[in-house]
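Everything on this sheet refers to the single structure shown next.
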There are 2 protein chains.
Amino acid sequence: MRLTRAGEYAIRCIMYLSYKGKGKLVSKKEIAAKCAIPTHFLSKIAQELQKAKILEIKQGPRGGFVLTKDPSELTLLEVIEAIIGEIYLNDCIARPEMCEASNICAVHKVWQKARRELRNILNSVTFDKLVKDPKCIPNFDKEI
Amino acid sequence: MRLTRAGEYAIRCIMYLSYKGKGKLVSKKEIAAKCAIPTHFLSKIAQELQKAKILEIKQGPRGGFVLTKDPSELTLLEVIEAIIGEIYLNDCIARPEMCEASNICAVHKVWQKARRELRNILNSVTFDKLVKDPKCIPNFDKEI
DNA sequence: CGGTTTTTAGATATTTTTACTCTTAAATGT
DNA sequence: ACATTTAAGAGTAAAAATATCTAAAAACCG
């Protein structure tokens with residue numbers, strides 16, 4: 001019951017792109033180095049983020065990734081769900097056909113509430129705020 | 001990012017024992033049948049629940065499981081964490097050594113808040129309330 | 001245009017976790 | 001003693017996570 005590594009990487013990647021600014025092209029190599037993400041794995045993650053219209057991938061020399069959304073309008077929830085899919089906390093909510101009475105079941109009402117709260121919290125945080133505060137990868141501004 | 005099947009089974013098992021009442025001995029076979037839990041898997045789950053002092057296992061003929069806590073003092077969180085361990089939603093909170101600045105990082109403050117909220121919600125629900133309401137496995141009271 | 005750089009996209013591989021299952025043995029009521 | 005019921009731990013199969021590899025495509029540059 002935890003965020004996958006891919007999800008964590010996606011957050012770091014978008015943190016770095018947000019720090020660089022919307023529309024700024026940054027090479028995959030630079031992002032991978034700054035954010036400690038295996039380069040090939042970063043490709044897969046970027047593909048998903050591109051599908052979600054969060055960034056654009058530019059090929060060729062001087063290629064890389066470009067953030068297409070303004071950090072002030074991009075939330076943690078959007079980035080996370082672009083990678084791991086919509087968050088559900090238990091199976092009955094995700095696959096109601098598994099369970100005869102999920103919409104009236106007392107247990108699952110609790111899970112629904114928990115899910116709603118979790119998604120609200122993650123959706124209330126935008127990347128422009130996050131990059132201003134101290135972060136786990138603190139040396140974005142150091143030269144490589 | 002979802003509850004494991006073992007966690008779901010544990011909830012069902014405790015729901016049934018709560019329905020039968022604290023101190024009432026119920027056979028493993030009966031629980032497995034009523035709650036649709038593979039019997040051997042139920043054994044493993046019961047072992048964990050016994051370690052957490054939630055139930056007691058009685059061997060021999062006329063053996064089974066006995067709920068040792070009063071349903072009014074047993075929460076969803078206790079049962080879930082007995083099975084899957086303490087809930088963390090991401091790695092940096094769970095293993096701070098992985099991450100240089102987890103206690104000041106803006107991203108992880110969000111996760112800490114989310115974790116706190118989730119655990120509060122799960123901890124605010126007791127089994128005496130849950131068994132009174134409609135449930136996913138609605139035929140507890142039918143004969144087998 | 002041709003070569004070089006950079007990334008893609010899909011296939012493959014490895015590791016970890018999940019979800020059971022099996023087997024031998026122990027406990028206990030009759 | 002014996003039949004019944006569960007224990008405890010090893011073992012297994014399937015799925016998911018976490019990469020890694022490879023052939024090819026895109027695009028810049030001279």
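None of these values were measured; they are calculated from a predicted model. So you know, we letter chains A, B, ... as the sequences are listed, proteins then strands, and number each from 1.
For A:K22 and A:E73, the salt-bridge test fails: no basic side-chain N is under 4.0 Å from an acidic carboxylate O. A salt bridge is absent between B:E8 and B:R2: the closest approach of a Lys/Arg side-chain nitrogen to an acidic carboxylate oxygen does not fall below 4.0 angstrom.
Proximity of B:Y9 to the phosphate of C:dA19: no side-chain N or O atom is located under 4.0 Å from OP1 or OP2.
One atom, CZ of B:R2, and another, P of C:dT18, lie 9 Å apart when rounded to the nearest Å. For the pair A:E8 CD and D:dT18 C1', the interatomic distance rounds to 14 Å; values are reported in whole Å. Distance, B:L42 CG to D:dT5 P: 15 Å, rounded to whole Å. Distance A:M1 CE to C:dT16 P: 23 Å, rounded to the nearest Å. Nucleotide D:dA16 holds its P atom 14 Å from the CD1 atom of A:I84, rounded to whole Å. Between the CZ atom of A:F41 and the C1' atom of C:dT15 there is a distance of 13 Å, given to the nearest Å. Residue A:L3 contributes atom CG, which lies 17 Å from atom P of D:dA16 at whole-angstrom precision. When rounded to the nearest whole Å, the span between CZ of A:R12 and C1' of D:dT18 equals 14 Å.
Remark: B:N120 pairs with B:R116 by the side-chain contact (heavy atoms from CB on, under 4.5 Å) rule, at least two apart or across chains.
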Find every protein N or O atom lying less than 3.5 Å from an N or O atom of nucleotides 8-12 of chain C, and list the pairs.
unit_1, atom_1, unit_2, atom_2, d
C:dT8, OP2, A:S43, OG, 3.2
C:dT8, O4', A:Q59, OE1, 3.0

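When all heavy atoms of B:E78 and B:I54 are compared, the closest pair comes out as O-CD1, 4.0 Å.
Listed for the A:E81 side chain is a donor-acceptor partner under 3.5 Å among the backbone atoms of A:I87.
Summary of the strand contacts: A:R62 and A:T39 both lie near DNA chain D, and taking for each the nucleotide with the nearest heavy atom, the more 5' one is attributed to A:T39.
Note that CE of A:M15 is 8.5 Å distant from CG of A:D133, once rounded to the nearest 0.5 Å.
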